[in-house]
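In this chain, residues are counted from 1 in sequence order. Counting starts at 1 for both ligands and their atoms, in listed order. We use all heavy atoms of the structure for the numbers below, so side chains are in, but hydrogens, waters and symmetry mates are not.
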Amino acid sequence: MNYFLYTIDSNMKIDLDSENEWGHFIDPDSFQIVEITDEVPQGSFVVIKEREYIEDIDRTVIQTTYGIIESNKFQPMNKRELSKFMSIACGIYILNFDKLPPKVMIEKQLKLDKPAQLAFIMSNRDTFHLKLEKSALEGGNPIEIINSIMENQDFTSTMYDREERWKIEYAKSSRSKCRTCDSNIEKGTVRLGEPHYYENHLNYRWHHEDCVFFQRLEKENIKGLDNLEDDDRKRIEEKLDV
Ligand SMILES: [Zn+2]
């Protein structure tokens, strides 16, 4: 990696190569996801992506680096280790706010006297599997605590009823605007929609085919490919394969 780090007060500066690197940090207290542009606060969970061309296989791949900003240092770790830190932060969030953190959902059915298995869906590509033991909830039983906060929430956010897949289709009209380039998407052309929830209603944020960075997507996470004409489907699949 060619980013470097130094400290400004309690924040750290992370310099990313804007062409080939991008990243986000997650505030452990609020679970807000923030794009890294400059400084990252202490304690943040960090996810950095790097686009890299590998000559041997003539392919561009995306590498992910995970870590935490701790004691004025960037501590790299693997995704599982980072998930453990997130699980602890998730327990604290639940005890503080009586609700699940944003983008955290119940992944597996809750069982008595078993740790709760939750998922933090940061993006299409990055899901963190969280495991909440009793110890993360000050000895409380995960099933009781989570069931009681779910009753207070307007809806139950489980993996089963929340759409996380993108959608591909032919634009039904020329009225939709591309969220990337801000111009209209012509009727009948391929458009890709990113799922977005507003007050629990599913909406899509549409993009032109040429405005989507396909390497951030996976085929399994796009619905509607089979409804496209063969030529269009093949072209999209090739872009997804790169
Ligand atoms: Zn566009």
Side-chain angles (χ1 to χ4, degrees), residues 1-3 14-27 31-38 40 46-54 57-65 102-103 105 120-128 157 159 161-242:
M1 300 229 73
N2 51 2
Y3 61 83
I14 297 188
D15 270 351
L16 297 172
D17 161 14
S18 60
E19 282 269 303
N20 292 304
E21 288 180 318
W22 62 95
H24 292 84
F25 69 86
I26 300 129
D27 170 35
F31 271 72
Q32 291 301 317
I33 301 165
V34 183
E35 193 170 353
I36 297 173
T37 51
D38 191 16
V40 180
V46 175
V47 178
I48 292 170
K49 303 277 181 182
E50 184 184 14
R51 191 177 12 235
E52 195 177 14
Y53 174 69
I54 299 184
I57 54 167
D58 188 28
R59 274 190 170 197
T60 301
V61 295
I62 298 196
Q63 316 268 21
T64 309
T65 303
K103 290 181 179 269
M105 289 162 203
F120 172 54
I121 301 169
M122 187 184 166
S123 71
N124 243 25
R125 279 236 156 155
D126 288 293
T127 296
F128 294 86
S157 46
M159 295 276 283
D161 56 19
R162 208 169 158 103
E163 182 59 76
E164 296 296 332
R165 286 172 302 167
W166 282 51
K167 186 178 181 177
I168 189 162
E169 63 176 33
Y170 297 111
K172 293 176 184 120
S173 73
S174 297
R175 289 191 304 270
S176 61
K177 251 199 173 136
C178 172
R179 293 291 183 135
T180 310
C181 73
D182 216 31
S183 61
N184 286 61
I185 302 171
E186 202 182 321
K187 184 181 177 180
T189 58
V190 172
R191 66 178 182 183
L192 285 106
E194 183 182 3
H196 166 71
Y197 280 84
Y198 181 72
E199 290 180 351
N200 301 330
H201 292 290
L202 174 62
N203 282 297
Y204 288 92
R205 290 178 159 163
W206 298 106
H207 303 266
H208 290 115
E209 177 186 335
D210 286 342
C211 291
V212 169
F213 181 42
F214 279 92
Q215 284 171 333
R216 291 195 194 191
L217 294 174
E218 276 172 357
K219 199 176 156 185
E220 303 78 65
N221 284 330
I222 303 178
K223 60 173 181 180
L225 267 173
D226 290 338
N227 300 331
L228 299 181
E229 304 283 341
D230 279 356
D231 288 359
D232 292 326
R233 183 178 49 78
K234 279 182 193 148
R235 187 182 62 252
I236 303 285
E237 280 175 349
E238 273 167 24
K239 290 182 182 181
L240 287 165
D241 269 347
V242 171

TODO: For Glu209 and Phe214, work out which heavy atoms get closest and say how close.
DONE: O-CE1, 3.3 Å
Open item on the list: One thing to verify: whether Arg59 and Asp241 come together as a salt bridge, which I'm taking to mean a side-chain N less than 4.0 angstrom from a carboxylate O.
Closed with: no
Task: Exercise: identify the closest heavy-atom pair between Pro102 and Gln32 - done: CG-NE2, 3.9 Å
Task: Any N, O or S atom of His207 closer than 2.8 Å to the Zn ion (ligand 1) - done: no
TODO: Can you tell me, to 10 degrees, how wide the angle at the Zn ion (ligand 1) is between SG on Cys211 and SG on Cys178?
DONE: 120°
TODO: Would you give the angle at the Zn ion (ligand 1) between Cys181 atom SG and His208 atom ND1, to the nearest 10°?
DONE: 100°
Task: Between CD on residue Glu194 and CG on residue Leu217, distance to nearest 0.5 Å - done: 8.5 Å
